[in-house]
Amino acid sequence: MQLFQALELEKGYIDVETTLIDNEIMQHSLIIDFGISETKAADIYYSSKTFTLLADESTDLYRKSWLEIYKMLKKELMAK
């Protein structure tokens, strides 16, 4: 579990957490696993349903590890 995930975050302060998750997913996963550019990875990620759920504070998805979220994203991409 990441340090930030172990901390209780006040309402409205999930930006740091989601930024860490975003970086891991794009830089260490989409780009490497799919052999695509950073721009293409960002387009795919930020237009995904997974990102929409992550950005919605009420889902508490930001509390999960980036690997769990990446698995959700891969499943979403494979379903298209």
Just distance, no hydrogens or angles: give the donor-acceptor pairs under 3.5 Å from side chains in residues 40-50, sequence neighbours left out.
residue : atom : partner : partner atom : Å
Tyr45   : OH   : Asp22   : OD1          : 2.5
Ser47   : OG   : Asp43   : O            : 2.6
Ser47   : OG   : Ile44   : O            : 3.3
Ser48   : OG   : Tyr45   : O            : 2.7
Ser48   : OG   : Phe51   : N            : 3.0
Thr50   : OG1  : Glu76   : OE1          : 2.6

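From Phe34, atom CZ reaches atom OG of Ser29 across 9.0 Å, with rounding to the nearest 0.5 Å. Between the NZ atom of Lys71 and the NZ atom of Lys74 there is a distance of 8.5 Å, given to the nearest 0.5 Å. Rounding to the nearest 0.5 Å places CD1 of Ile69 at 3.5 Å from CD1 of Ile21.
In the hydrophobic clustering of ILVMFWY residues, with side-chain heavy atoms under 4.5 Å counting as a link, Ile25 and Ile31 come out apart. Residues Met78 and Ile32 are members of separate hydrophobic clusters, defined by side-chain heavy-atom contacts under 4.5 angstrom among Ile, Leu, Val, Met, Phe, Trp and Tyr.
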What's the verdict on side chain to side chain contact (heavy atoms under 4.5 Å, CB included) for Leu54 and Met72, showing C-alpha distance, side-chain angles and the deciding distance? CA-CA 11 Å; Leu54 178 62; Met72 286 178 55; over 6 Å; no
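Shown here are the side chain to side chain donor-acceptor pair (under 3.5 Å) partners of Asn23, two or more places apart in sequence or in another chain: there are none.
At least one side-chain heavy atom of Leu77 sits under 4.5 Å from a side-chain heavy atom of Leu73.
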